[in-house]
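Report on one structure; see the data block that follows.
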Amino acid sequence: MSLELEYPVTLPDGQTFKQPSGLFINNEYIKSVAGKTLDSINPSTGEINGSVYAAEKEDVDIAVAAAKKALPIWKKKFTGEDRGILLNKIADAFVKNRELLGAIEAWDSGKNKETNAVFDIDICVQTFRYYAGWADKICGKLIQNDPLKLAYTIHEPLGVVGQIIPWNYPLAMAAWKLAPALAAGNTVVLKTSEITPLSLLYFAQTFKDVGFPAGVVNILSGYGATAGSAMCVHPDIAKIAFTGSTATGKLISKMASDTMKLVTLECGGKSPLIIREDADLEQAVKWAAVGIMSNQGQICTSTSRIYVHEKIYETFLTQFAQHVEQEYKQGTMFDQGCVVGPQVSKQQRDKVFNYIEIGKAEGARVVLGGEKNEQGEFAKGYYIKPTIFADVQPNMRIVKEEIFGPVVSVGKFSSDDEAITLANDTSYGLGSAIFTKDLEKAHKMAGEIEAGMVWINSSNDSDARIPFGGVKMSGVGRELGEYGLNMYTQAKAVHVNLGLKL
Ligand code: NAD
């Protein structure tokens with residue numbers, strides 16, 4: 001099949017644009033070598049939004065060669081200040097195109113445009129601005145010991161970096177990876193998720209427009225098993241940065257080990273949210289809802305296990321269910337005032353619904369939802385009603401396994417020790433939250449929770465300046481902040497003899 005390299009699109013909100021379909025390599029959209037394509041499906045209708053060329057091994061080779069050729073230019077001919085100026089121009093472009101990019105993102109992924117997708121564009125702006133500021137502040141150390149020896153480190157870029165991102169935040173996850181890698185002087189081959197290829201592919205041309213040299217940023221659409229795995233074994237890729245499921249993360253780690261690549265993994269989670277008896281209950285209810293219902297529950301850090309002190313357990317459940325019912329209305333991506341859109345794909349909808357059936361069979365009490373939404377305008381889409389399970393037990397699958405949908409399990413505890421034991425009873429360790437007015441207790445409990453991140457009296461309020469990542473089966477390494485930048489540089493030690501004669 002021969003696909004045009006660009007085709008006109010009119011979005012449901014009336015905005016128009018030209019969608020590129022090619023692989024973005026060397027600042028150009030090109031057809032894939034074998035000419036294979038993949039379809040992007042609209043989550044609210046099941047119809048095809050558009051098709052794009054799908055990269056395979058040969059295309060990965062071409063993209064990596066382009067990034068390798070661009071490396072000396074980007075890391076040596078561009079100063080840190082030059083790189084920072086370009087990263088700021090990318091941030092400006094996100095600001096300028098917020099409405100259109102938000103709409104494309106919504107259309108492709110199922111996020112409501114006004115209450116969700118446009119905020120992803122704000123994340124991109126914040127991330128690129130933050131790392132633009134770092135680009136001219138990357139420095140090594142002078143190591144002082146012997147007066148006859150000068151020793152120092154240079155923080156160098158790693159080289160060509162391979163980045164593999166998921167479908168739940170197609171633009172924001174790309175920003176989290178591209179901005180620090182580019183600030184540090186690396187060149188990049190990034191593969192989008194086969195489920196949501198459109199927004200970043202459209203945005204890719206901006207790198208050329210603002211002045212990035214050809215080959216510095218290469219964006220591939222493609223499947224994980226073909227394009228993704230070709231990146232993981234490519235000898236000229238120095239590092240793989242991955243966000244996605246724990247199962248794929250393990251596979252990537254194994255594949256990358258043959259060529260001794262550095263690997264950072266942001267994987268799954270089953271994050272706990274603890275509500276102590278002394279918590280501000282109104283705030284706890286609101287944040288708990290944000291923590292699991294935002295983005296249809298498709299957030300790796302969703303606080304999907306809630307543990308409430310037994311004395312306020314039933315009150316919390318009543319208020320929580322009322323709040324979710326009132327504030328988390330279901331609607332299509334372009335419905336005004338709605339929050340909960342369709343799940344990203346039929347496969348994800350079916351997976352989430354299967355967990356709901358499992359929860360019921362395990363004996364958990366359904367407090368809210370507990371079904372698909374197939375009425376009226378929702379008939380063709382992939383909708384799940386926001387679902388609250390109560391009275392859950394630690395051995396239930398809905399408590400142990402990541403559901404990745406708007407489905408939350410609520411259980412109770414009688415002491416702080418029990419709350420911590422329940423919170424840590426998981427193979428994951430990504431996010432966590434504690435609600436209490438006793439800040440001394442809160443800090444102690446934060447130290448005891450096995451997780452990469454702890455929110456005290458909030459949930460999921462991540463920030464480009466603060467490190468993000470997990471322990472246990474939730475991943476390796478950190479993104480964001482200075483910690484995230486350090487994952488894209490390596491120290492070279494230089495020893496200078498100042499006169500020591502042998
Ligand atoms: P996924 O693991 O199926 O896919 C993620 C990416 O990996 C996609 O680009 C995919 O094409 C690629 N991929 C798949 N198989 C591959 C292979 N064999 N080799 C190389 N690449 C491969 O995950 P998903 O379905 O896109 O996302 C859902 C999962 O991701 C959830 O479990 C969620 O917890 C996790 N997730 C984690 C984070 C985080 O920051 N920790 C963020 C978003 C999603």
Side-chain angles (χ1 to χ4, degrees), residues 38 40 52 54-57 60 108-110 120 123 162-177 189-197 200-201 219-234 237 240-258 261 263-271 292 294-304 343-352 355 401-405 426-431 451-453 460 462 467-480 484:
L38 61 85
S40 162
V52 295
E56 299 196 314
K57 183 186 174 305
V60 169
D108 207 21
S109 72
D120 290 9
I123 293 174
Q163 305 183 325
I164 299 176
I165 61 170
W167 44 258
N168 58 345
Y169 286 88
L171 285 171
M173 285 303 107
W176 282 21
K177 290 187 169 39
V189 176
L190 182 149
K191 189 192 84 60
T192 53
S193 165
E194 57 272 36
I195 298 172
T196 50
L200 187 64
L201 198 56
I219 307 292
L220 307 180
S221 314
Y223 292 98
T226 45
S229 59
M231 288 166 67
C232 295
V233 298
H234 200 294
I237 288 186
I240 295 286
F242 166 78
T243 297
S245 63
T246 294
T248 306
K250 286 199 251 182
L251 210 59
I252 283 179
S253 239
K254 283 183 197 147
M255 286 191 282
S257 68
D258 255 0
K261 293 185 196 336
V263 175
T264 48
L265 306 171
E266 300 285 1
C267 298
K270 193 77 188 175
S271 302
I292 182 63
S294 304
N295 208 38
Q296 292 74 252
Q298 299 167 150
I299 308 182
C300 49
T301 46
S302 285
T303 32
S304 52
Q343 305 307 123
V344 75
S345 65
K346 181 173 184 303
Q347 192 190 6
Q348 280 296 315
R349 192 272 312 266
D350 292 347
K351 179 187 154 196
V352 174
Y355 272 112
E401 297 172 24
E402 184 182 51
I403 298 175
F404 225 56
T426 170
S427 56
Y428 293 112
L430 196 51
M453 293 160 283
N460 275 277
S462 301
F468 182 105
V471 301
K472 294 156 85 174
M473 297 304 278
S474 288
V476 176
R478 292 293 176 268
E479 294 195 290
L480 302 184

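Quick note: numbers below take in every heavy atom, side chains included, and nothing from hydrogens, waters or symmetry partners. We count ligands from 1, going down the list as the structure has it; atoms in each ligand are counted the same way. Note that the coordinates shown come from a computational prediction; the quantities given were computed from them, not determined experimentally.
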- If you measure from each non-hydrogen atom of Met255 to ligand 1, which part falls under 4.0 Å: side chain, backbone, both or neither? side chain
- Message: Testing the basics here: between Cys300 and Asn168, what is the closest heavy-atom pair and its distance to 0.1 Å?
- Response: N-ND2, 4.2 Å
- Query: Is it true that Gly475 lies under 4.0 Å from ligand 1, counting heavy atoms only?
  - Reply: no
- For the ring pair Phe404 and Trp167, is the centre-to-centre distance below 6.0 Å? yes
- Query: Between Phe468 and ligand 1, which part of the residue brings a heavy atom under 4.0 Å of the ligand: side chain, backbone, both or neither?
  - Reply: side chain
- Nearest neighbour in protein (non-hydrogen) for atom 35 (C) of ligand 1: Gly244 O, 2.9 Å
- Could you say whether the N/O atoms of Glu402 and ligand 1 ever approach to under 3.5 Å? yes
- Provide the closest heavy-atom pair for Ala172 versus Ile123 in the form atom of the first, atom of the second, distance. CB-CG2, 4.0 Å
- Output the list of atoms in ligand 1 that are nearer than 4.0 Å to some heavy atom of Glu266, sorted by atom number. 37 (C), 38 (C), 39 (C), 40 (O), 41 (N)
- Can you find an N/O atom of Thr243 closer than 3.5 Å to an N/O atom of ligand 1? no
- For ligand 1, is Met173 a contact, meaning one of its heavy atoms is under 4.0 Å away? no
- Message: For the NZ atom on Lys254, are there more than 12 heavy atoms of other groups (residues, nucleotides or ligands in this structure) within a distance under 6.0 Å?
- Response: no
- atom 4 (O) of ligand 1: protein heavy atom closer than 4.0 Å? no
- Between Ser253 and Leu265, the two heavy atoms sitting closest are OG-CD1, 3.8 Å
- Query: Backbone, side chain, both or neither: what part of Ala247 comes under 4.0 angstrom of ligand 1, heavy atoms only?
  - Reply: neither
- Item | Phe242 N/O to ligand 1 N/O under 3.5 Å | no
- Message: Heavy-atom distances under 4.0 Å decide this one: backbone, side chain, both or neither, for Thr246 against ligand 1?
- Response: neither
- Are any of the N/O atoms in Gly228 less than 3.5 Å from those in ligand 1? no
- Query: Of Val233, Leu265, Ile165, which has the heavy atom at the shortest distance from atom 8 (C) of ligand 1?
  - Reply: Ile165
- Please determine if Lys191 has a nitrogen or oxygen closer than 3.5 Å to a nitrogen or oxygen of ligand 1. yes
- Using a heavy-atom cut-off of under 4.0 Å, does the side chain or the backbone of Glu194 touch ligand 1, or both, or neither? side chain
- Any N/O of Phe404 closer than 3.5 Å to an N/O of ligand 1? no
- Message: Are any of the N/O atoms on Trp167, whether in the backbone or the side chain, positioned under 3.5 angstrom from an N/O atom of ligand 1?
- Response: yes
- Nearest atoms (heavy-atom pairs only) where Val344 meets Ser109: CG2-O, 3.6 Å
- Item | Sidechain-backbone polar pair: Asn460 side chain, Thr301 backbone, donor-acceptor under 3.5 Å | yes
- Given that the side chain starts at C-beta and the backbone is N, CA, C, O, which of these parts of Ile195 lies under 4.0 Å from ligand 1, counting heavy atoms, or is it both or neither? neither
